[in-house]
Protein chains: 2
Amino acid sequence: MAANSRLTIAVHALAWLALAHRRGRPVLTSDEVAASININPVIVRRSLGDLRRASLVEVRHGTGAGWSLGREPSAITLSDVYDAVEGPPLFALHHTEPNLECPVGYGIRPALTGIYGDVESSLRAELARTSIADVLHRSLEAP
Amino acid sequence: MAANSRLTIAVHALAWLALAHRRGRPVLTSDEVAASININPVIVRRSLGDLRRASLVEVRHGTGAGWSLGREPSAITLSDVYDAVEGPPLFALHHTEPNLECPVGYGIRPALTGIYGDVESSLRAELARTSIADVLHRSLEAP
DNA sequence: CTCGCTGTAACCGAAGCTGTTACAGCGAGG
DNA sequence: CCTCGCTGTAACAGCTTCGGTTACAGCGAG
(Lines give C-alpha, C1' and ligand atoms only; values in the text may rest on other atoms or scores of the structure.)
Protein backbone atom coordinates (compact mmCIF):
# COMPACT_ATOMS: atom_id res chain seq x y z
CA MET A 1 0.00 0.00 0.00
CA ALA A 2 1.09 3.40 -0.60
CA ALA A 3 2.49 4.56 2.68
CA ASN A 4 0.23 6.86 4.48
CA SER A 5 1.15 10.37 5.49
CA ARG A 6 -1.77 10.91 7.86
CA LEU A 7 0.35 10.51 10.96
CA THR A 8 2.89 12.97 9.57
CA ILE A 9 0.22 15.58 8.81
CA ALA A 10 -1.38 15.26 12.24
CA VAL A 11 1.91 15.38 14.13
CA HIS A 12 3.03 18.38 12.13
CA ALA A 13 -0.21 20.21 12.91
CA LEU A 14 0.06 19.42 16.61
CA ALA A 15 3.71 20.48 16.82
CA TRP A 16 2.87 23.74 15.09
CA LEU A 17 -0.03 24.37 17.45
CA ALA A 18 2.31 23.68 20.37
CA LEU A 19 4.91 26.15 19.12
CA ALA A 20 2.28 28.82 18.40
CA HIS A 21 0.85 28.38 21.87
CA ARG A 22 4.27 28.86 23.39
CA ARG A 23 4.61 32.05 21.34
CA GLY A 24 1.30 33.42 22.64
CA ARG A 25 -0.97 32.35 19.78
CA PRO A 26 -3.05 29.58 21.39
CA VAL A 27 -5.63 29.50 18.57
CA LEU A 28 -4.83 28.97 14.89
CA THR A 29 -7.13 28.68 11.89
CA SER A 30 -6.89 25.76 9.50
CA ASP A 31 -5.47 28.16 6.90
CA GLU A 32 -2.61 29.06 9.22
CA VAL A 33 -1.84 25.42 9.98
CA ALA A 34 -2.07 24.54 6.29
CA ALA A 35 0.44 27.26 5.45
CA SER A 36 3.12 25.58 7.56
CA ILE A 37 2.46 22.09 6.25
CA ASN A 38 1.98 23.49 2.74
CA ILE A 39 -1.18 21.55 2.00
CA ASN A 40 -4.84 22.32 1.40
CA PRO A 41 -6.76 23.65 4.45
CA VAL A 42 -9.50 21.07 3.95
CA ILE A 43 -7.03 18.26 4.58
CA VAL A 44 -5.97 20.00 7.77
CA ARG A 45 -9.59 20.25 8.88
CA ARG A 46 -10.12 16.56 8.17
CA SER A 47 -7.04 15.64 10.16
CA LEU A 48 -7.78 18.00 13.04
CA GLY A 49 -11.34 16.69 13.02
CA ASP A 50 -9.97 13.21 13.75
CA LEU A 51 -7.84 14.64 16.54
CA ARG A 52 -10.80 16.51 17.98
CA ARG A 53 -12.82 13.28 18.18
CA ALA A 54 -9.99 11.95 20.34
CA SER A 55 -9.97 15.16 22.43
CA LEU A 56 -6.41 15.96 21.43
CA VAL A 57 -7.45 19.38 20.10
CA GLU A 58 -10.34 21.75 20.69
CA VAL A 59 -12.16 23.85 18.15
CA ARG A 60 -13.85 27.21 18.49
CA HIS A 61 -16.55 28.49 16.14
CA GLY A 62 -17.82 31.92 15.21
CA THR A 63 -15.67 35.04 15.07
CA GLY A 64 -12.10 34.36 16.18
CA ALA A 65 -12.57 30.66 15.42
CA GLY A 66 -9.73 28.16 15.22
CA TRP A 67 -7.96 25.24 16.82
CA SER A 68 -6.04 24.84 20.04
CA LEU A 69 -4.37 21.94 21.84
CA GLY A 70 -6.58 19.87 24.10
CA ARG A 71 -3.82 19.21 26.64
CA GLU A 72 -0.13 19.76 27.27
CA PRO A 73 2.17 18.81 24.34
CA SER A 74 4.11 16.53 26.68
CA ALA A 75 0.87 14.65 27.45
CA ILE A 76 0.11 13.82 23.79
CA THR A 77 2.03 10.80 22.55
CA LEU A 78 2.38 9.60 18.99
CA SER A 79 0.41 6.55 20.04
CA ASP A 80 -2.56 8.80 20.84
CA VAL A 81 -2.20 10.43 17.44
CA TYR A 82 -1.87 7.08 15.69
CA ASP A 83 -5.07 5.82 17.27
CA ALA A 84 -6.87 9.02 16.33
CA VAL A 85 -5.96 9.17 12.65
CA GLU A 86 -5.06 5.65 11.54
CA GLY A 87 -7.95 3.48 10.50
CA PRO A 88 -7.63 -0.18 9.53
CA PRO A 89 -5.21 -2.60 11.19
CA LEU A 90 -1.63 -2.83 9.99
CA PHE A 91 -1.83 -6.29 8.44
CA ALA A 92 -4.89 -7.83 6.81
CA LEU A 93 -5.89 -11.47 6.89
CA HIS A 94 -6.88 -13.31 3.72
CA HIS A 95 -9.38 -11.56 1.45
CA THR A 96 -11.03 -14.88 0.68
CA GLU A 97 -11.52 -17.66 3.18
CA PRO A 98 -8.66 -20.20 3.12
CA ASN A 99 -9.33 -23.85 2.37
CA LEU A 100 -10.66 -25.17 5.69
CA GLU A 101 -9.93 -28.76 4.64
CA CYS A 102 -6.26 -27.94 4.99
CA PRO A 103 -5.04 -27.91 8.61
CA VAL A 104 -3.06 -24.75 7.97
CA GLY A 105 -5.99 -23.06 6.27
CA TYR A 106 -8.18 -24.01 9.20
CA GLY A 107 -5.96 -22.76 12.00
CA ILE A 108 -3.87 -19.96 10.58
CA ARG A 109 -6.36 -17.14 10.94
CA PRO A 110 -6.69 -17.23 14.72
CA ALA A 111 -2.93 -17.76 14.95
CA LEU A 112 -2.17 -14.71 12.84
CA THR A 113 -4.81 -12.63 14.59
CA GLY A 114 -3.00 -13.17 17.88
CA ILE A 115 0.41 -12.49 16.41
CA TYR A 116 -0.70 -9.35 14.59
CA GLY A 117 -2.30 -8.10 17.78
CA ASP A 118 0.99 -8.46 19.63
CA VAL A 119 2.81 -6.62 16.85
CA GLU A 120 0.37 -3.72 16.94
CA SER A 121 0.69 -3.50 20.70
CA SER A 122 4.43 -3.30 20.34
CA LEU A 123 4.06 -0.61 17.69
CA ARG A 124 1.86 1.50 19.97
CA ALA A 125 4.26 1.06 22.86
CA GLU A 126 7.12 2.37 20.75
CA LEU A 127 5.03 5.30 19.48
CA ALA A 128 4.01 6.08 23.06
CA ARG A 129 7.65 6.73 23.92
CA THR A 130 7.57 10.01 21.95
CA SER A 131 5.35 13.02 22.71
CA ILE A 132 4.47 16.08 20.66
CA ALA A 133 6.76 18.07 22.96
CA ASP A 134 9.59 15.69 22.01
CA VAL A 135 8.86 16.09 18.30
CA LEU A 136 8.81 19.87 18.63
CA HIS A 137 12.08 19.84 20.53
CA ARG A 138 13.79 17.62 17.98
CA SER A 139 12.43 19.70 15.10
CA LEU A 140 13.73 22.97 16.53
CA GLU A 141 17.23 21.64 17.07
CA ALA A 142 17.62 20.45 13.47
CA PRO A 143 20.81 21.69 11.78
CA MET B 1 -4.37 2.62 4.01
CA ALA B 2 -5.85 -0.46 2.81
CA ALA B 3 -4.22 -3.09 4.90
CA ASN B 4 -1.95 -5.41 3.08
CA SER B 5 -2.42 -9.14 3.08
CA ARG B 6 0.98 -9.87 1.53
CA LEU B 7 2.49 -10.94 4.81
CA THR B 8 -0.47 -13.22 5.47
CA ILE B 9 -0.18 -14.87 2.05
CA ALA B 10 3.56 -15.42 2.39
CA VAL B 11 3.36 -16.79 5.93
CA HIS B 12 0.52 -19.11 4.96
CA ALA B 13 2.53 -20.45 2.02
CA LEU B 14 5.61 -21.02 4.18
CA ALA B 15 3.64 -22.74 6.93
CA TRP B 16 2.03 -25.01 4.40
CA LEU B 17 5.40 -25.84 2.86
CA ALA B 18 6.70 -26.62 6.34
CA LEU B 19 3.83 -28.98 7.10
CA ALA B 20 4.10 -30.71 3.73
CA HIS B 21 7.82 -31.18 4.24
CA ARG B 22 7.18 -32.78 7.61
CA ARG B 23 4.69 -35.09 5.91
CA GLY B 24 7.25 -36.19 3.31
CA ARG B 25 6.27 -33.81 0.50
CA PRO B 26 9.23 -31.42 0.40
CA VAL B 27 8.30 -29.93 -2.97
CA LEU B 28 4.92 -28.34 -3.81
CA THR B 29 3.72 -26.62 -6.98
CA SER B 30 2.19 -23.17 -6.89
CA ASP B 31 -1.17 -24.77 -7.68
CA GLU B 32 -0.94 -26.93 -4.56
CA VAL B 33 -0.03 -23.97 -2.38
CA ALA B 34 -2.78 -21.87 -3.94
CA ALA B 35 -5.33 -24.57 -3.17
CA SER B 36 -4.70 -24.23 0.57
CA ILE B 37 -4.74 -20.44 0.59
CA ASN B 38 -7.66 -20.45 -1.85
CA ILE B 39 -6.22 -17.83 -4.16
CA ASN B 40 -4.93 -17.63 -7.70
CA PRO B 41 -1.67 -19.53 -8.37
CA VAL B 42 -0.12 -16.47 -10.00
CA ILE B 43 -0.36 -14.57 -6.73
CA VAL B 44 1.40 -17.45 -5.02
CA ARG B 45 4.16 -17.38 -7.59
CA ARG B 46 4.57 -13.65 -7.13
CA SER B 47 4.76 -14.04 -3.36
CA LEU B 48 7.09 -17.04 -3.45
CA GLY B 49 9.22 -15.17 -5.98
CA ASP B 50 9.76 -12.45 -3.35
CA LEU B 51 10.67 -15.11 -0.80
CA ARG B 52 13.06 -16.77 -3.23
CA ARG B 53 14.92 -13.48 -3.74
CA ALA B 54 15.44 -13.50 0.03
CA SER B 55 16.56 -17.17 -0.08
CA LEU B 56 13.68 -18.23 2.16
CA VAL B 57 12.47 -20.76 -0.43
CA GLU B 58 14.04 -22.61 -3.34
CA VAL B 59 12.51 -23.34 -6.70
CA ARG B 60 13.02 -26.27 -9.07
CA HIS B 61 12.24 -26.16 -12.80
CA GLY B 62 11.45 -28.78 -15.39
CA THR B 63 9.62 -32.02 -14.70
CA GLY B 64 8.80 -32.40 -11.02
CA ALA B 65 9.13 -28.66 -10.53
CA GLY B 66 7.95 -26.80 -7.45
CA TRP B 67 8.89 -24.96 -4.29
CA SER B 68 10.62 -26.02 -1.11
CA LEU B 69 11.80 -24.27 2.04
CA GLY B 70 15.25 -22.70 1.91
CA ARG B 71 15.98 -23.46 5.57
CA GLU B 72 14.44 -24.85 8.73
CA PRO B 73 11.00 -23.44 9.63
CA SER B 74 12.35 -22.46 13.05
CA ALA B 75 15.06 -20.39 11.34
CA ILE B 76 12.62 -18.27 9.32
CA THR B 77 11.14 -15.42 11.36
CA LEU B 78 8.24 -13.17 10.43
CA SER B 79 10.73 -10.33 10.28
CA ASP B 80 12.53 -12.13 7.45
CA VAL B 81 9.23 -12.57 5.65
CA TYR B 82 8.23 -8.95 6.24
CA ASP B 83 11.48 -7.70 4.74
CA ALA B 84 11.05 -10.02 1.77
CA VAL B 85 7.49 -9.08 0.79
CA GLU B 86 6.76 -5.63 2.21
CA GLY B 87 7.85 -2.72 0.07
CA PRO B 88 7.53 0.91 1.11
CA PRO B 89 8.10 2.15 4.66
CA LEU B 90 5.28 2.10 7.15
CA PHE B 91 4.75 5.85 7.44
CA ALA B 92 5.30 8.40 4.71
CA LEU B 93 6.60 11.92 5.14
CA HIS B 94 4.86 14.87 3.50
CA HIS B 95 3.97 14.51 -0.16
CA THR B 96 4.82 18.15 -0.76
CA GLU B 97 7.69 19.98 0.89
CA PRO B 98 6.60 21.77 4.08
CA ASN B 99 7.01 25.53 4.41
CA LEU B 100 10.71 25.89 5.23
CA GLU B 101 10.15 29.42 6.56
CA CYS B 102 8.33 27.83 9.49
CA PRO B 103 10.65 26.36 12.12
CA VAL B 104 8.49 23.28 12.42
CA GLY B 105 8.32 22.84 8.65
CA TYR B 106 12.08 23.16 8.50
CA GLY B 107 13.00 20.65 11.18
CA ILE B 108 10.18 18.15 11.33
CA ARG B 109 11.26 15.91 8.50
CA PRO B 110 14.59 14.79 9.95
CA ALA B 111 12.90 14.47 13.35
CA LEU B 112 10.16 12.22 12.00
CA THR B 113 12.62 10.23 9.91
CA GLY B 114 14.47 9.28 13.07
CA ILE B 115 11.34 8.47 15.01
CA TYR B 116 9.84 6.41 12.21
CA GLY B 117 13.09 4.50 11.89
CA ASP B 118 12.96 3.58 15.57
CA VAL B 119 9.34 2.45 15.22
CA GLU B 120 10.14 0.22 12.26
CA SER B 121 13.07 -1.31 14.15
CA SER B 122 10.74 -2.09 17.02
CA LEU B 123 8.23 -3.63 14.61
CA ARG B 124 10.87 -5.91 13.12
CA ALA B 125 12.08 -6.92 16.56
CA GLU B 126 8.58 -7.96 17.54
CA LEU B 127 8.07 -9.86 14.27
CA ALA B 128 11.41 -11.59 14.79
CA ARG B 129 10.08 -13.17 17.98
CA THR B 130 7.86 -15.51 15.92
CA SER B 131 9.08 -18.13 13.44
CA ILE B 132 7.28 -20.10 10.76
CA ALA B 133 7.57 -23.13 13.04
CA ASP B 134 5.74 -21.16 15.75
CA VAL B 135 2.98 -20.14 13.32
CA LEU B 136 2.56 -23.74 12.17
CA HIS B 137 2.42 -24.95 15.76
CA ARG B 138 -0.19 -22.36 16.74
CA SER B 139 -2.24 -23.08 13.62
CA LEU B 140 -2.38 -26.81 14.27
CA GLU B 141 -3.52 -26.42 17.86
CA ALA B 142 -6.47 -24.18 16.90
CA PRO B 143 -9.79 -25.34 18.39
C1' DC C 1 11.28 -33.12 -28.21
C1' DT C 2 7.63 -33.12 -24.98
C1' DC C 3 5.32 -31.66 -21.08
C1' DG C 4 4.46 -29.50 -16.77
C1' DC C 5 5.48 -25.89 -14.17
C1' DT C 6 7.77 -21.39 -13.41
C1' DG C 7 8.30 -16.39 -14.31
C1' DT C 8 6.49 -12.23 -15.86
C1' DA C 9 4.03 -8.94 -18.56
C1' DA C 10 -0.41 -6.75 -19.55
C1' DC C 11 -4.68 -5.60 -18.18
C1' DC C 12 -9.06 -5.04 -15.26
C1' DG C 13 -11.97 -3.42 -11.43
C1' DA C 14 -12.15 -2.01 -6.73
C1' DA C 15 -10.51 0.73 -3.07
C1' DG C 16 -7.95 4.32 -0.72
C1' DC C 17 -5.60 8.72 -0.45
C1' DT C 18 -4.63 13.38 -1.72
C1' DG C 19 -6.34 17.41 -3.46
C1' DT C 20 -10.06 20.62 -4.91
C1' DT C 21 -14.50 22.94 -5.12
C1' DA C 22 -18.72 23.96 -3.11
C1' DC C 23 -21.78 24.88 0.36
C1' DA C 24 -24.42 24.51 4.80
C1' DG C 25 -23.74 25.57 9.86
C1' DC C 26 -22.12 27.91 13.69
C1' DG C 27 -21.36 31.79 16.80
C1' DA C 28 -19.06 36.18 18.35
C1' DG C 29 -19.66 40.92 17.57
C1' DG C 30 -22.03 44.67 16.00
C1' DC D 1 -31.11 40.03 14.03
C1' DC D 2 -27.43 40.25 10.56
C1' DT D 3 -22.91 39.91 9.01
C1' DC D 4 -18.76 37.65 8.45
C1' DG D 5 -15.13 34.38 9.05
C1' DC D 6 -14.15 29.98 9.84
C1' DT D 7 -15.59 25.14 10.53
C1' DG D 8 -17.57 20.73 8.89
C1' DT D 9 -18.59 17.78 5.26
C1' DA D 10 -20.16 16.19 0.88
C1' DA D 11 -18.92 15.39 -3.86
C1' DC D 12 -15.75 14.71 -7.29
C1' DA D 13 -11.27 13.98 -9.96
C1' DG D 14 -6.67 11.93 -10.48
C1' DC D 15 -3.44 8.87 -8.97
C1' DT D 16 -1.63 4.69 -7.02
C1' DT D 17 -1.90 0.11 -5.20
C1' DC D 18 -3.77 -4.29 -4.64
C1' DG D 19 -5.88 -8.58 -5.78
C1' DG D 20 -7.25 -11.08 -9.59
C1' DT D 21 -7.04 -12.94 -14.33
C1' DT D 22 -5.30 -14.19 -18.86
C1' DA D 23 -1.61 -15.08 -21.78
C1' DC D 24 2.69 -16.54 -23.06
C1' DA D 25 7.79 -17.27 -23.12
C1' DG D 26 11.44 -20.08 -20.65
C1' DC D 27 13.29 -23.86 -18.33
C1' DG D 28 14.74 -28.63 -17.54
C1' DA D 29 13.97 -33.63 -16.37
C1' DG D 30 12.84 -37.52 -18.78
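First the proteins, then the strands, lettered A, B, ... as listed; each starts at 1. Values in this document were obtained by computation on a predicted structure and should not be read as measured data.
Residue H61(A) has a polar side-chain atom (N or O) positioned under 4.0 Å from OP1 or OP2 of dG8(D). Look at S30(A) and you'll find a side-chain N or O under 4.0 angstrom from OP1 or OP2 of dT7(D). Contact check, R45(B) against dG7(C): no side-chain N or O comes under 4.0 Å of OP1 or OP2.
Residues N38(A) and R53(B) each lie close to DNA chain C; by heavy-atom proximity, the contact nearer the 5' end of the strand is made by R53(B). Each of T96(B) and T29(B) has a nearest nucleotide on DNA chain C; the 5'-most of these lies closest to T29(B). Both V42(B) and I9(B) sit near DNA chain D, but only I9(B) has its closest nucleotide nearer the 5' end.
dC27(D) and dG4(C) make up a base pair, with Watson-Crick or G-U wobble contacts both under 3.5 Å. Across all strands shown, the partner of dG16(C) is dC15(D), judged by Watson-Crick or G-U wobble contacts whose two distances both fall under 3.5 Å.
Rounded to whole Å, atom P of dT7(D) lies 15 Å from atom CD of E58(A). Across the protein-nucleic acid pair, R52(A) atom CZ and dT7(D) atom C1' stand 9 Å apart, rounded to whole Å. One atom, CG of D50(B), and another, C1' of dT8(C), lie 13 Å apart when rounded to the nearest Å. The distance from atom NE2 of H94(A) to atom P of dG20(D) is 11 Å, rounded to the nearest whole Å. Here dA13(D) presents its C1' atom at 14 Å from CG of N40(A), a figure rounded to the nearest Å. Atoms CG (L7(B)) and P (dC18(D)) sit 13 Å apart, rounded to a whole Å. Nucleotide dA23(D) holds its P atom 17 Å from the CD1 atom of I43(B), rounded to whole Å. Atom C1' of nucleotide dG7(C) and atom CZ of R60(B) are separated by 18 Å, given to the nearest angstrom.
Residue S47(A) is classed as having no contact, given no heavy-atom separation below 4.0 Å to the nucleic acid. Using a 4.0 Å heavy-atom cutoff across all strands shown, I39(B) reaches sugar-phosphate atoms only and no base atom.
Of the listed nucleotides (dG8(D), dT18(C), dG19(D)), dG19(D) has the atom at the smallest distance from the side chain of R6(B). Residue H95(A) has its side chain nearest to dG19(D) when only dG19(D), dT22(D), dT6(C) are considered. Checking dT7(D), dG19(D), dG7(C) against every side-chain atom of S5(B), the shortest atom distance belongs to dG19(D). Of the candidates dG7(C), dT18(C), dG27(C), dT18(C) carries the atom nearest the N4(A) side chain, counting heavy atoms from C-beta on. Looking at the side chain of V59(B), the nearest of the listed nucleotides dT18(C), dC18(D), dG7(C) is dG7(C). For T63(A), the side-chain atoms get nearest to dC4(D) when compared with the rest of dC4(D), dT20(C), dT7(D).
Side-chain contact, H21(B) with S68(B): no donor N or O sits under 3.5 Å from an acceptor N or O. Between S5(B) and H94(A), the side chains place no donor N or O within less than 3.5 Å of an acceptor N or O (distance only, hydrogens not considered). In summary, the side chains of Y82(A) and T77(A) do not present any donor paired with an acceptor at a separation below 3.5 Å, with no hydrogens or angles considered. Counted by atom type alone, D50(B) and S47(B) present zero donor-acceptor pairs between their side chains at under 3.5 Å. Between the side chains of N4(B) and E86(B), at least one donor N or O sits under 3.5 Å from an acceptor N or O.
If you check distances only, the side chain of R46(A) does reach the base of dG19(C) with a donor-acceptor pair under 3.5 Å.
Residues Y116(A) and P89(A) are not in side-chain contact: their nearest non-hydrogen atoms beyond the backbone lie 4.5 Å or more apart.
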